[in-house]
Participant: 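Sharing a structure, written as structure tokens. Questions coming.
The chains referred to below are lettered A, B, ... by the order of the sequence lines, with proteins before strands, and numbering in each begins at 1. Just so you know, these numbers come straight off a predicted model, no measurement behind them.
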Amino acid sequence: MDYQFKDIEKKWQQFWADNNTFKAENNTNKPKYYVLDMFPYPSGAGLHVGHPLGYIASDIFARYKRLKGFNVLHPMGYDSFGLPAEQYAIQTGQHPSVTTEANIATYRRQLDQIGFSFDWSREVRTSLPDYYKWTQWIFMQLFNSWYNKDADKAESVAKLVAHFENNGSAGINAVCDEEILSFTAAEWKAMNEQDQQAELLKYRLTYLRESTVNWCAALGTVLANDEVKDGFSERGGYPVEQKKMTQWSMRITAYAQRLLEGLDKIDWPEPLKEMQRNWIGKSVGASVRFPLDKTTHLSQLTTDYIEVFTTRADTIFGTSFLVIAPEHELVTALTTPEQKADIDAYIIQTKKKSELDRMADTKTVSGAFTGSYVTNPLNGDKIPVWIADYVLAGYGTGAVMAVPSGDQRDYLFAKHYNLPVIQIMDIQNIETEADPTKEGKYVNSDFINGLTYKEATAAVVARLEEKGLGKAKVNFRMRDAIFGRQRYWGEPVPVYFKGGLPYLIEEKDLPLLLPEIDKYLPTESGEPPLGRATNWSYNASPKSSPKERTSEEADSSLSFGEGRGEAYAYELSTMPGWAGSSWYWYRYMDAHNDKEFASREAIEYWRDVDLYIGGSEHATGHLLYSRFWNKFMKDIGLVIEEEPFKKLINQGMIQGRSNFVYRLIDDAGRGTNTFISHGLIKQFNTSAIHVDVGIVENDVLNLNKFKTFRPEFADADFILENGKYICGVEVEKMSKSKFNVVNPDDLIERYGADTLRMYEMFLGPLEQSKPWNTNGIEGVFKFLRKFWRLFHDADWNFNLSNAEPTKAELKSLHKIIRKVEEDVERFSFNTSVSSFMIAVNELTDLKCNKRAILQNMVIILEPYAPHICEELWVLLGNEAGTLSYATYPKFNPAYLVEDEFSYPVSFNGKMKTNVSLSLSLDVKEIEEAILAHADVQKYLDGKTPKKVIVVKGRIVNLVI
RNA sequence: GCUCAGAUGGUGGAACUGGUAGACACGCAGGACUUAAAAUCCUGUUCCCGUUAAAGGAGUGCGGGUUCGAUUCCCGCUCUGAGUACCA
């Protein structure tokens, strides 16, 4: 039989499913290997050819490792809480769980037909109660922990309380809110329960705090910084504004330094690490206190100084004014009566500016003088205090010392408002712009005059510390992560409120189920959708989704919780999208455990992810939060490894490749029904129209299909070139409206899954972004047919010989063994596809039909094209289902050694000739034989070369 | 603006630590088989000059450098893509 991919693929997919062929064991003597994909959000659109790219790569690697004798964990699941299902629910009333189930079914069908070796028995879905039970449980652990800076790790709040009871707040060095109280043990014990809880909340790793959030009115929720792009929501592109709200936050900043340091120990792409480093944004500098000038001031001030953060403490003598953010807490107190009108007007003007305006408008200088002064802490100079919106309230202390000679923004501000510009370096050129140089010696700088940058910085910081007016300080750009969303379709926060303070529900009551509600919209009073819930309940039986829950199961219902305003009520916001994905790789280790998130034994065996493949778009979201939760879980002894993902590969984005037809425009400017081939459009007035890539092959339009593409094209005319209509091409995002979505189902229907898998790899380097182009897929399909043919005779009978392989056949085999091993280990899958083609071409030329060669070929090819290989494996007489655990053939270099070798000979680096010699020669003999050769003599033309260079015993260069 | 990645035939791409640039595939051209088409197979295919064949020259975005030898290393520039943005 010819290669019948449809029958073969269906048969083996069924076999793998029926026999749990890829089920991973938690107890074996084999070494473990954990290959993880970023699990998908099951969207309604299903998979396009870009989605499986990373999954195919990881599947090849997982299958390869299995053949190499590893116990491989290669699971898949769904990140199934998310906005689109909820948006759909608002529009249609369809419960999000129903939409989600349907989408998952589509995803599963599409994934199955590509032939992945996933262990589906470990599937997870973040929206199921038996999963989010543990997401809630981890939230509770975070709530019950604080960060001890002295131990540099998270510790339990119980320990903190014990310390308070014995020693008061003294001796605690914590990452916490700024306005903590200081108290003795006796004072602590004298506090009432409510005050104690309020104080503890300032230490907890997940805590409630009023903060400025990114509010998206259209989505009715807050968004994390990484969910906002250019002032618009990443999902949906709605405007986002700043708003003060009381929100759950995660104290990720406690881990800033460890998140930064950990990057040096993991094998991730450098650009991705760089993105995380920038996001964490460590800057080393000093905080400096500028004492307020009491002669100008103003009784309501509660502080004696303004604190700034600077990375250039050495420039302090160049400070000619101070700028604080318009939102700074001291603004009102600092404003003198004469300046009040100016300041108020400026604040109103700033508030009106949207985030977008502020960004578009970075060149305009604006600000206002408060009327107050501070003094320079080192020389007592009187310095005016201004407000301006180029200073951000959220970074550092929200105040800067302005050094116009060294900072361009300060320079422009000083020029605009006629403030002094003080030169501080002898070689500084400040005629037209600021010069931030660190070269040269200081001038106009008191006791650091004449020093260099290095000496000066240390001297200034030392003097500030001596005076108690400053100290060296490290600042991070990263903010604590907002952890609440005003949405329905997410994990309920396992918290209720009493007296306005949050308390955890009891662990034994987990999970707190997502209640049913009548409408998926905020309440009339503006509460999140969960404000509508009247039937909160605990403890669903495993596997049930909210929709499937029966009334008996819900009989532990509690009927309070109308809203946060009640004396005793549930939290109404839900967790953000990243909650469920921040620990899911541990659940795969022990997916059905209902006692723990994963058993200790499972965690000790699997430990961490050896290889993680996914897109770089998660660099500052999922990948950062996961590292954060992992470090926390390690601190409290839940897991073993400091970093969760040892090696990470980013697969590139697959872009769309759009095709265009060109409609002729008539003299009146109207579109006609005549279409011009792409090569001829310069001669006509045309307009480009997207055309479905499905009716175009190799950029040639199928005219008949085009006529049925849309009714108005039914009687289209064409102006052709060489009898063909050639379409235009452009690379764009893959999207339905551009008619450039290529569906894997169609390709599998036409060429089969093995061809699709190999073609996706053949397309180019895994990590590189590239447009999808189906044009070359035939080549891979032909290759698989040739491979099939190697095992069959002219009448399609399976026909192999047991004869001894020839030397040439063994050479072909061992070349490919070595090549594929090298390629897979360095994730260069595209080049190994080419090497397979070369090997099969060679074996075809040799008319090879030797069992000893071809059985090994089947094993090597299995990771790439598993279906055809399974089929051939059984035809070879092996038991079905044993291929995945066959022994990978061992490379033997002896087969590649040749008797004679053709030495390329170059003259002054330019290739001129080849000389065939016996391989047994040593370097000296090669030199002599080369020089004696007639062709070489001809090129030398009587001259003697100055030098003869033999490289790696293979290449010869003569220097004349 | 800053940071990072990249630029190789008509196209996707290969060349691993500096050592025969263009593997492999698509496309294209020609041929075989066929009544014909499809399928399959064979040959050619970087550019220029030339041709019966040969021989020669140029060539990895641009300009320099190091080296016997550079797609690869160094310096400067152009362009493209990604991330980030008043971060003090």
Participant: Would you say A:R409 reaches B:C87's phosphate, i.e. side-chain N/O to OP1/OP2 under 4.0 Å?
Facilitator: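 The answer is yes; a side-chain N or O of A:R409 sits under 4.0 Å from OP1 or OP2.
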
Participant: Under the rule for ring pair (Phe, Tyr, Trp, His ring centres under 6.0 Å), what residues qualify as partners of A:Y751, not counting sequence neighbours?
Facilitator: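 For A:Y751 the ring pair (Phe, Tyr, Trp, His ring centres under 6.0 Å) partners, ignoring immediate neighbours, are A:F781.
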
Participant: Within the pair A:Y390 and B:A88, is there a side-chain N or O less than 4.0 Å away from OP1 or OP2?
Facilitator: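 Checking A:Y390 against B:A88: no side-chain N or O falls below 4.0 Å of OP1 or OP2.
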
Participant: Not counting sequence neighbours, which residues clear side chain to side chain contact (heavy atoms under 4.5 Å, CB included) with A:E270? List them please.
Facilitator: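 With sequence neighbours excluded, A:E270 shows a side chain to side chain contact (heavy atoms under 4.5 Å, CB included) to A:K273, A:E274, A:R277, given in chain and number order.
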
Participant: Which is true for A:N908 with a 4.0 Å heavy-atom rule: it touches a base, it touches only sugar-phosphate, or it touches nothing?
Facilitator: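 A:N908: backbone/sugar contact only, no base atoms under 4.0 Å.
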
Participant: For every nucleotide of nucleotides 15-24 of chain B, 5' to 3': is a protein heavy atom under 4.0 Å from its base (B), only from its sugar-phosphate (S), or from neither (-)?
Facilitator: SB--BB--BB

Participant: Can a side-chain donor-acceptor contact be found between A:D410 and A:Y390 if the only test is distance below 3.5 angstrom?
Facilitator: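 A pair is found: one side chain offers a donor N or O, the other an acceptor, under 3.5 Å apart.
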
Participant: Restricting to side-chain hydrogen bond (donor to acceptor under 3.5 Å, both in side chains), what partner residues turn up for A:Y417, sequence neighbours left out?
Facilitator: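 Counting only residues at least two positions away or on another chain, A:Y417 forms no side-chain hydrogen bond (donor to acceptor under 3.5 Å, both in side chains).
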
Participant: Between the protein and nucleotides 36-40 of chain B, which nitrogen or oxygen pairs come in under 3.5 angstrom?
Facilitator:
{"from": "B:A39", "atom 1": "O3'", "to": "A:R785", "atom 2": "NH2", "distance (Å)": "3.2"}
{"from": "B:U40", "atom 1": "OP1", "to": "A:R785", "atom 2": "NH2", "distance (Å)": "2.4"}

Participant: Enter the distance from A:F5:CZ to A:T755:OG1 here, rounded to the nearest 0.5 Å.
Facilitator: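 The distance works out to 7.0 Å.
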
Participant: I'd like to check the ring pair (Phe, Tyr, Trp, His ring centres under 6.0 Å) partners of A:H792; sequence neighbours left out, ordered by chain and number.
Facilitator: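 Expected list: A:W788, A:F798.
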
Participant: Hunt down the Watson-Crick or G-U wobble partner of B:G6, both distances under 3.5 Å, from any strand shown, or write none.
Facilitator: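 The base-pairing partner of B:G6, which may sit in any strand shown, is B:C79.
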
Participant: Take the protein atom NZ of A:K947 and the nucleotide atom P of B:U67, then report the distance between them rounded to whole Å.
Facilitator: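 Result: 11 Å.
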
